[in-house]
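For reference, the structure discussed in these notes is given below.
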Amino acid sequence: MSKGTILSGMRPTGSLHIGHLVGVLNNWITLQSEYDCFFMVADIHALTTEYENPNELSKNTIEIVRDWISCGIAPGISVVFRQSDMPQHSELHLYLSMITPLGWLSRCPTYKEQIKELKDRELHTYGFLGYPLLQAADILLYKATAVPVGEDQLPHIEMTREIARRFNSLYKKIFPEPKSLITEVPKVPGTDGRKMSKSYNNTILLSDEKNVLEQKIRSMFTDPLKIKVDDLGHPEGCVVFSFHKMFNPDCRKREDECKRGKIGCVACKKALLEYLESKLNPIREKRKQIDDKKITELLDIGATKARKIANQTISEVKKVLGVS
């Protein structure tokens, strides 16, 4: 019985942080043993919003792949590749654009939301409007049967299913209709309590050295009502405790100690440093062993593997379209 195929990716817009580890990478690592996985550096997708500032794309690509491998993504098991190394993505995107109604694109909720949120950028472009269609081409090119997504991405996968259904109905059944694998993405706060984001300068990077990690933990917001060690705490509103819940297996004990005034915020931060350091140190050490040349080689190998499947799909599509 086939394991099924997964396509997932990340845009190379900056260094990865703990939010990426908890929200995406841990899930990818698990899926590697359950599916044939294709993990893509979505650098063309990055251009839909970063087209005015492309200078860091190449560097960021190397860095996020270094993070992927350091966290446990295994190129020997999964196919790791760069989207721009595969012109088949753009070619399928073009063919699918011939059958995709404009209304399907303009009604996409994430399109409307990002137009509002990213007011500092000119996003009234064809490329940005067609972002969900390019995503559909990414998925269908490898005939993915499942896509791991958060709830906010469900409309994109449903559109992919509609496009596959329309193509299969018009021509020949070539594409499976991929299912959504709902990923429970925990809310990872930044050091200031807001959503962790590089734009807020409140991230804990996977590459942060221990001294940097310690400084960031010291700066974390805590319970404003807990002044003295023996003051009764309110951990449910504390950023430090949010991280204890994610990384401390004895977080319930820590919660009880805080509520009963048995531990102070300074000691709680020191304990958190130990837990995070035990998690991030192996990642940092592995990162140091992977040079840029090695990553380039891995991406080349991944592109070669991906190309075999992509070429087969494009050949099938061109044949039914009469352009082969």
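Bear in mind that the values here come from a model prediction, so they are computed numbers and not experimental data.
The pair K3-E34 fails the salt-bridge criterion, with no side-chain N (NZ, NE, NH1 or NH2) lying under 4.0 Å from an Asp/Glu carboxylate O. Salt bridge status for R121 with E50: present, with a side-chain N to carboxylate O gap under 4.0 Å. A salt bridge links R66 with D292: the distance from a Lys NZ or Arg NE/NH1/NH2 to an Asp or Glu carboxylate oxygen falls below 4.0 Å. Look at E177 and R161 and you find a salt bridge, because one of the NZ, NE, NH1 or NH2 atoms lies within 4.0 Å of a carboxylate O, short of that distance.
E56 meets the side chain to side chain donor-acceptor pair (under 3.5 Å) test with no other residue; sequence neighbours excluded. For R194, the side chain to side chain donor-acceptor pair (under 3.5 Å) partners at least two apart in sequence or on another chain are D192. F38 is linked by a ring-ring contact (aromatic ring centres under 6.0 Å, His included) to Y142, counting only residues two or more places apart in sequence or in another chain.
By the neighbour-count criterion of 12 heavy atoms within 6.0 Å, atom CD of E151 is sparsely surrounded, having that number or fewer from other residues, nucleotides or ligands. At most 12 non-hydrogen atoms from other residues, nucleotides or ligands lie less than 6.0 angstrom from NZ of K294. Atom CG of L225 has more than 12 neighbouring heavy atoms from other residues, nucleotides or ligands inside a 6.0 Å radius. Environment of CG in N211: crowded, with over 12 heavy atoms of neighbouring residues, nucleotides or ligands closer than 6.0 Å.
In this model, no donor atom of one side chain and acceptor atom of the other lie less than 3.5 Å apart for R165 and N168. One side chain, S84 or D43, offers a donor N or O that lies under 3.5 Å from an acceptor on the other. Side-chain contact check for Q312 and E316: at least one donor-acceptor pair (N or O, by modelled atom type) lies under 3.5 Å. A donor and an acceptor atom, one from each side chain of D250 and H244, are nowhere located under 3.5 Å apart. Side-chain contact annotation: Q32 with S78, donor-acceptor N/O pair under 3.5 Å present.
Among L47, L57, T48, I64, the single residue meeting the side-chain contact (heavy atoms from CB on, under 4.5 Å) criterion with R11 is T48.
Residues M196 and G19 approach most closely at SD-N, 3.9 Å, considering heavy atoms. In terms of heavy-atom proximity, R307 sits nearest to D85 at NH2-O, 3.4 Å.
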